[in-house]
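The structure appears right after this line, and notes come after that.
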Amino acid sequence: TDSFDRAFALVFMPDTNHATVVIECEPTGLALEDPQTIDSYVANWGGWLADLGKASDVVACSVTVETAPDFGVRLRQAVDTRRHRDAAPAVVEMMEEVKATFPQSAPLTRAFLAVTVTAWRPGAPRPRKVEDLGLDLGARLGKLTEHLEQCGAGDAHPVTAQTLCEVVRSAYDPAVAQHIAATHAEGITPALSWNDVGPLACNAGWEWYRHDSGLSKSWVMSVAPRGEVFSNVLEAVLAPTGDVDSKRVTMLYRPVSAARAMDVAEKDVTAAKNRAVSTANPNFRAIDDYAKTVQTAKEVAKDAGMLNFGIVITATIRNPEDALAASYAVEDLAAESQLTIRPAYGAQDTAFAASLPLGLVLPDYVMVPSKIREAV
């Protein structure tokens, strides 16, 4: 439990000595917000991410936005539990019609944020124990969730082990999601353990990933949005689409420590300058990259944070005949959000797991050490 006596799940990865806590958010959206409020959300979110680089043990953070069909269980439960015994027949008839028709076009959107820390402390002779990690993260969760509410995340609360098991089980077996929702509507908590949430059977193909009752395809970002990036740049790719049964968009962040951020920024400026002056007539992209790296270095000098980031998009369908339409839909939405993406060829199962709110830090599973890759 954290400092507010809220239970939370702790996911520990023995291979990398990483521990992850997951926070569920209920974003308010930007539809009825003033531009000044949106600017405040963006600034506070940038500050929240910058604070991650000031903690020596934080190695990664991810934000997952999942859209899936709402089976109407929550709506029916809300209507039935609030029905007055003396309600007018016309009102009852109208609400029954709402129960029958509204769930057919009501997508469910959920947002999760995972923060991953390492058990190794700089200079420590041995990694911290899992129990110590739990106590440490429990003391810090209150501050993390409180500040998230100032970023437009709405009500932010830690995810329990039961909820996390349900999220992962529903991702690998979409058919069970409706049964889980129906069970909760009856006031019963489904019995799930961590050993039950993985796929019963799976087949990782070159372009698609077959798992239990679902068929998924994942894309990874190859080029970030260019030009001016506004607060609604990802609005299209985050929105639900009728051609996909469920979709997850996961933004992966790896903070650069505050001690190294200025050195990294200066190296980026030098590399961009060399590209810009290497030819007599440099192209606009090289000139623009140089200007952006200079601006980044100025902001880092003013205590801004620096992060490496990427995006993974996973689309899941139930009917294999919808595969082509789902691919076109996701790629069109990504293009509308100025994202250049490519399918995770040959690594569909890995990309699928990375899109889940589990805190997987993929570079730490590569055999070539990260320091060598960054130097190259």
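Please read all numbers here as calculations on a predicted model, not as lab measurements.
Salt bridge absent: D2 and R140 never bring a charged side-chain N and a carboxylate O closer than 4.0 Å. The residues K267 and D263 are annotated as not salt-bridged, no charged nitrogen and carboxylate oxygen being separated by less than 4.0 angstrom. By the 4.0 Å N-to-carboxylate-O rule, D289 lies too far from R285 to be salt-bridged with it. Salt-bridge formation is detected for the pair K54/D303: a Lys NZ or Arg NE/NH1/NH2 atom is positioned less than 4.0 Å from an Asp or Glu carboxylate oxygen. Between D132 and K129 there is no salt bridge, since none of the side-chain N atoms of the basic residue sits less than 4.0 Å from a carboxylate O of the acidic one. Using a 4.0 Å cut-off between charged nitrogen and carboxylate oxygen, K247 and E66 do not count as a salt-bridge pair.
Defined by atom type and a distance below 3.5 Å, a donor-acceptor pair is missing between the side-chain atoms of T16 and D364. Judged by distance alone, the side chains of S222 and T340 never bring a donor and an acceptor atom under 3.5 Å apart. With no hydrogens or angles considered, no side-chain donor-acceptor pair links T250 and S355 at under 3.5 Å. In summary, the side chains of T293 and T296 do not present any donor paired with an acceptor at a separation below 3.5 Å, with no hydrogens or angles considered.
With hydrogens and angles disregarded, no donor-acceptor distance shorter than 3.5 Å links the side chain of D173 to the backbone of R169. At least one donor-acceptor pair closer than 3.5 Å links the side chain of Q162 to the backbone N or O of P190. The main-chain N or O of P357 is never found under 3.5 Å from a side-chain atom of S62 such that the two would form a donor-acceptor pair. No donor-acceptor pair under 3.5 Å is formed between the side chain of S170 and the backbone N or O of V167. In this structure, the side chain of S327 engages the main chain of A323 through a donor-acceptor pair within 3.5 Å. With D212 contributing its side chain and L200 its backbone, the two residues share a donor-acceptor pair below 3.5 Å. Side-chain atoms of T163 do not come within 3.5 Å of backbone N or O of V159 as any donor-acceptor pair. Put simply, the side chain of Q348 gets close to the backbone of A344: a donor and an acceptor are under 3.5 Å apart. Distance alone, capped at 3.5 Å, places no donor-acceptor pair between the D34 side chain and the Q36 backbone. With S213 contributing its side chain and A175 its backbone, the two residues share a donor-acceptor pair below 3.5 Å.
Partner of R128 under the side chain to side chain donor-acceptor pair (under 3.5 Å) criterion, chosen from T118, D57, N17: D57.
Minimum interatomic distance between C202 and Y209 (heavy atoms only, all atoms of both residues): CB-OH, 3.6 Å. When all heavy atoms of D322 and I317 are compared, the pair lying nearest together is C-CD1, 3.7 Å. Nearest approach of A315 to W219, heavy atoms of both residues: CB-CZ3, 3.9 Å. Considering all non-hydrogen atoms of both residues, R318 and P174 come closest at CD-CB, 3.8 Å. Of all the heavy atoms in W48 and L144, the pair that sits closest is NE1-O, 3.4 Å. Residues A239 and L333 share a closest heavy-atom pair of O-CD1, 4.4 Å.
Cluster membership check: M13 does not share its hydrophobic cluster with L137, using side-chain heavy-atom separations under 4.5 Å among Ile, Leu, Val, Met, Phe, Trp and Tyr. M251 is connected to V58 through a chain of hydrophobic side-chain contacts under 4.5 Å among Ile, Leu, Val, Met, Phe, Trp and Tyr, so both are in one cluster. Cluster membership check: L108 does not share its hydrophobic cluster with I313, using side-chain heavy-atom separations under 4.5 Å among Ile, Leu, Val, Met, Phe, Trp and Tyr. Residue I311 is grouped with residue V229 when hydrophobic side chains (ILVMFWY) are merged at heavy-atom distances under 4.5 angstrom, including chains of intermediate members. One hydrophobic cluster holds both L238 and V233 under the rule that ILVMFWY side chains link at heavy-atom gaps under 4.5 Å.
When side chains are defined from C-beta on, V244 does not count as touching T316, because their heavy atoms never get closer than 4.5 Å. Inter-residue side-chain proximity for K217 and P343 is flagged as met; some heavy-atom pair is nearer than 4.5 Å. Residues S337 and E235 form no side-chain contact, since every pair of their non-hydrogen atoms from C-beta on lies 4.5 Å or further apart. Residues V11 and L164 form a side-chain contact, since some pair of their non-hydrogen atoms from C-beta on lies under 4.5 Å apart. Contact annotation: the side chain of F8 approaches that of L141 to within less than 4.5 Å [non-hydrogen atoms, C-beta and beyond]. E26 has its side chain out of reach of R110: every pair of non-hydrogen atoms, C-beta onward, lies at least 4.5 Å apart. In this structure, the side chains of L148 and L113 come closer than 4.5 Å at one or more pairs of heavy atoms. In this structure, V249 and T64 have side chains that are not in contact, with every pair of non-hydrogen atoms separated by 4.5 Å or more.
Within 6.0 Å of the OH atom in Y365, the count of heavy atoms belonging to other residues, nucleotides or ligands exceeds 12. The 12-atom threshold is exceeded at CD of E207, counting heavy atoms of other residues, nucleotides or ligands nearer than 6.0 Å.
Distance check, rounded to the nearest 0.5 Å: CG of L356 to OG1 of T314 gives 7.5 Å. Atom CH2 of residue W120 and atom CZ of residue R126 lie 9.0 Å apart, to the nearest 0.5 angstrom. The structure places CG of L135 at 9.0 Å from CG of L133, a figure rounded to the nearest 0.5 Å. With rounding to the nearest 0.5 Å, the separation of CG in L307 from CG in L52 is 7.0 Å. Note that CZ of R6 is 4.0 Å distant from OG1 of T145, once rounded to the nearest 0.5 Å. To the nearest 0.5 Å, atom OG of residue S231 and atom CD of residue E33 are 11.0 Å apart.
Relative ring orientation between W45 and Y253 is described as perpendicular, the plane-to-plane angle rising above 60° on a 0-90° scale split at 30° and 60°. In this structure, Y172 and F352 have tilted ring planes: the angle between them lies in the 30° to 60° band.
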Steps toward side chain to side chain contact (heavy atoms under 4.5 Å, CB included) verdict (E299, M306): CA-CA 9 Å; E299 294 179 2; M306 177 176 284; over 6 Å; no
Steps toward side chain to side chain contact (heavy atoms under 4.5 Å, CB included) verdict (V269, Y290): CA-CA 6 Å; V269 171; Y290 174 64; 4.0 Å; yes
Stepwise side chain to side chain contact (heavy atoms under 4.5 Å, CB included) check, V256 with N308: CA-CA 7 Å; V256 178; N308 297 307; 4.0 Å; yes
Intermediate values then yes/no, side chain to side chain contact (heavy atoms under 4.5 Å, CB included), V294 and K298: CA-CA 6 Å; V294 171; K298 292 180 179 179; 3.8 Å; yes
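When ring centroids are compared, H18 and F12 stay outside the 6.0 Å threshold.
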